[in-house]
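Take a look at the structure set out below.
Counting starts at 1 for both ligands and their atoms, following the listed order. In this chain, numbering begins with 1 at the start of the sequence shown.
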Amino acid sequence: MARINDNYLKLKAGYLFPEIGRRIKMFTEANPEAKVIRLGIGDVTRPLAPAVIEAFHRGIDDLTRVDSFMGYGPEQGYEWLIDTIIEKAFAPRGVKLKRSEIFISDGSKCDCGNILDIFDLGNKVAIGDPVYPVYNDTNVMVGRTGEADSRGYYDGIVYIPCTAENNFTPPLPTEKVDLIYLCFPNNPTGAVAGKAELQKWVDYALANEAIIFFDAAYEAFITDPAIPHSIYELEGAERCAIEFRSFSKTAGFTGVRCAFTVVPEALTGKTARGEKVGLNKLWNRRQSTKFNGVSYPVQRAAQAVYSAEGWRQNQEIINYYLENARLIREGLSAAGITCYGGTNAPYIWLRTPEGISSWEFFDKLLNECHVVGTPGSGFGPSGEGYFRLSAFGQRENVEEAVSRIRKNLAK
Ligand code: MLT
């Protein structure tokens with residue numbers, strides 16, 4: 001009989017969002033008349049920008065004609081999309097990138113997990129707590145960890161608690177680590193990091209020959225001009241950081257699927273014998289072998305996000321979600337709930353009422369308000385006592401959810 005990868009059995013329960021889905025299903029089956037409002041998973045609800053849709057259609061039309069038909073594309077993505085990204089997303093911020101340093105993909109979730117392919121299991125990994133569960137679980141799956149302890153911490157991972165006391169920004173680890181996950185604007189806490197904060201990490205990584213995995217999936221929600229959108233805005237980051245970007249939340253592509261990962265050519269790691277090897281070359285090899293690229297019409301649609309019209313239309317969508325975030329944050333704060341995030345991020349991270357755990361609050365909101373959020377403890381032990389609400393809902397649902405929660409808490 002074939003042996004399984006035992007590491008999968010170390011994982012706790014199900015992945016967070018399917019578990020939430022299971023509880024909602026049970027509730028709706030028992031209460032079919034309830035109008036459940038979902039502010040749990042950060043999934044977009046606004047349609048794609050018209051300019052993006054038009055480019056998407058044109059991309060499909062190209063496939064209908066012999067002269068413009070496209071088969072396999074480059075595994076790394078089409079040059080016209082990569083060039084557009086370099087010119088529109090990075091050059092205006094003073095970041096110079098080469099074509100060969102950007103890899104178009106079908107999602108940051110996959111890239112964050114797949115990147116582990118090119119690193120040895122012996123590397124020490126640091127992750128924040130709470131954290132996007134993918135960082136933790138993919139390390140467990142590849143076998144970098146031992147079992148989890150009673151709190152949910154896996155042996156072999158260095159967890160850095162992010163709490164209200166440190167503004168949900170992780171302090172530097174006290175032991176030497178090799179791989180560091182950073183996510184700003186943060187999922188789940190909505191915290192942001194300024195230049196000094198990020199420079200501290202870049203300096204640490206350079207001094208310790210560590211690599212930072214910088215997840216910038218929510219950079220489009222930054223409104224404060226002082227906050228960097230890319231880790232490469234920091235001095236020396238091209239020598240120590242890989243950046244993950246996504247069109248999912250930026251442009252409503254959660255169902256369309258397009259993202260990209262930046263692996264600068266200056267990045268190196270070492271072999272078992274201590275020789276230096278470029279990470280870009282390894283990632284290129286990995287992608288060419290295990291990935292066949294993103295579909296042509298999807299890349300055409302992604303390119304249109306950066307057109308003048310697409311950009312303007314898309315900004316309206318982002319502002320819509322940011323206004324949702326404001327309504328949630330201000331509405332619940334006025335009801336006495338302590339809220340964090342939600343100004344440069346689409347997530348509101350709130351404290352559960354005194355004496356109520358994250359999952360208890362989840363059940364209370366589902367059963368009494370028919371509102372779904374995400375329990376903070378699902379993101380790690382330090383998320384206990386917190387709860388995440390997503391601002392990606394439809395406006396009327398957001399308003400209704402805030403009103404239901406306020407009424408419930410006033411009882
Ligand atoms: C979330 O709700 O945390 C995100 O939607 C998950 C993801 O982007 O994969």
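Here the side chain of Asn5 pairs a donor or acceptor atom with the backbone of Met141 at under 3.5 angstrom.
Glu75 and Phe291 make their closest contact through CG-O, 3.1 Å (heavy atoms, listed as atom of the first residue, atom of the second, distance).
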Kindly indicate, with the supporting measurements, whether the criterion side chain to side chain donor-acceptor pair (under 3.5 Å) is fulfilled by Thr45 and Gln394.
CA-CA 6 Å; Thr45 53; Gln394 307 217 38; 5.4 Å; no
Set out, in order, the CA-CA distance, both residues' side-chain angles and the distance that settles side chain to side chain donor-acceptor pair (under 3.5 Å) for Ser100 and Glu265, then state yes or no.
CA-CA 8 Å; Ser100 56; Glu265 287 186 355; 2.5 Å; yes
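In summary, the atoms of ligand 1 found under 4.0 Å from a heavy atom of Ile41, numbered by their order in the structure, are 2 (O), 5 (O). Counting the atoms of ligand 1 from 1 in the order shown, those under 4.0 Å from a heavy atom of Gly42 are 1 (C), 2 (O), 5 (O). Those atoms of ligand 1 that come under 4.0 Å of a heavy atom in Phe17, given as number and element, are 1 (C), 2 (O), 3 (O).
By the 6.0 Å and 45° rule, Arg93 does not stack over the aromatic ring of Tyr232.
Under a 4.0 angstrom heavy-atom cut-off, Asp43 registers as lying outside contact with ligand 1.
Annotation: Lys249 places an N or O atom under 3.5 Å from an N or O atom of ligand 1; distance criterion only. Backbone and side-chain nitrogen or oxygen atoms of Asn187 are examined, and one is located within less than 3.5 angstrom of a nitrogen or oxygen of ligand 1.
When heavy-atom distances to ligand 1 are checked against a 4.0 Å cut-off, Tyr347 comes that close only through its side chain, counted from C-beta outward.
Tested against Asn136, the residues Tyr181, Tyr159, Tyr154 include a single side-chain hydrogen bond (donor to acceptor under 3.5 Å, both in side chains) partner, Tyr159.
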